[in-house]
Amino acid sequence: MNKIEHIGIAVKDINESNEVFKKLFGKKHYKTEEVESEGVKTSFFKIGKNKVELLEATSQDSPIAKFIEKKGEGIHHIAFDVDDIEKEIKRLQKEGFNLIHNKPKKGSDNKLIAFLHPKSTNGVLIELCQDRPNKD
Ligand code: ZN
């Protein structure tokens, strides 16, 4: 695993939160994106070499809706950059980690992603992400 790619924050209203984080960081988000398969709307801020992702649920059964219902708004996941996500998934499975996605899927920000189950990582939801070489 390489650096932390971004930190994901679950929010109730992404438009309101975009304003809050704009004030906090002193700059606007650089993109918004909807990931239909995950039932989320996202926006990204760049702070130096790091990124912050805001996530709002677009449906009741979205993982973000469930998270906010259970825990309220706040830090939802930490994403780590990896060079080869398939290899990393296999390595982690061998190490005994429980993955939510056993195969990489398309995430926002032109990434391939996979989540680890927080039960096997001390309650921290971890996302692996790899840059997608070709946009399709
Ligand atoms: Zn993320």
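Just so we're clear, the structure is a prediction, and the values are computed from it rather than from any experiment. Both counts, for ligands and for their atoms, begin at 1 and track the order of listing. No hydrogens, no waters, no symmetry mates; every other heavy atom, side chains included, goes into these values.
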Any N/O/S of Cys129 under 2.8 Å from the Zn ion (ligand 1)?
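For Cys129, the answer is no, given that no N, O or S atom comes within less than 2.8 Å of the Zn ion (ligand 1).
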Does the side chain of Tyr30 come within less than 4.5 Å of Asp109's, by heavy atoms?
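They are in side-chain contact.
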Does Glu33 offer a backbone N or O that forms a donor-acceptor pair with the side chain of Thr42 under 3.5 Å?
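Checked: pair present.
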Ring centroids only, cut at 6.0 angstrom: are His29 and Phe45 within range, meaning strictly under it?
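Judged by ring-centre distance (under 6.0 Å), His29 and Phe45 do meet the cut-off.
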Opening angle between NE2 in His77 and OE1 in Glu127, taken at the Zn ion (ligand 1), to 10 degrees
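Output for this angle: 80°, rounded to tens.
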How is the N/O/S atom of Glu53 that comes nearest to the Zn ion (ligand 1) named?
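When I compare the N, O and S atoms of Glu53, OE1 is nearest to the Zn ion (ligand 1).
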Under-4.0 Å salt bridge between Lys41 and Glu56
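Yes, this pair counts.
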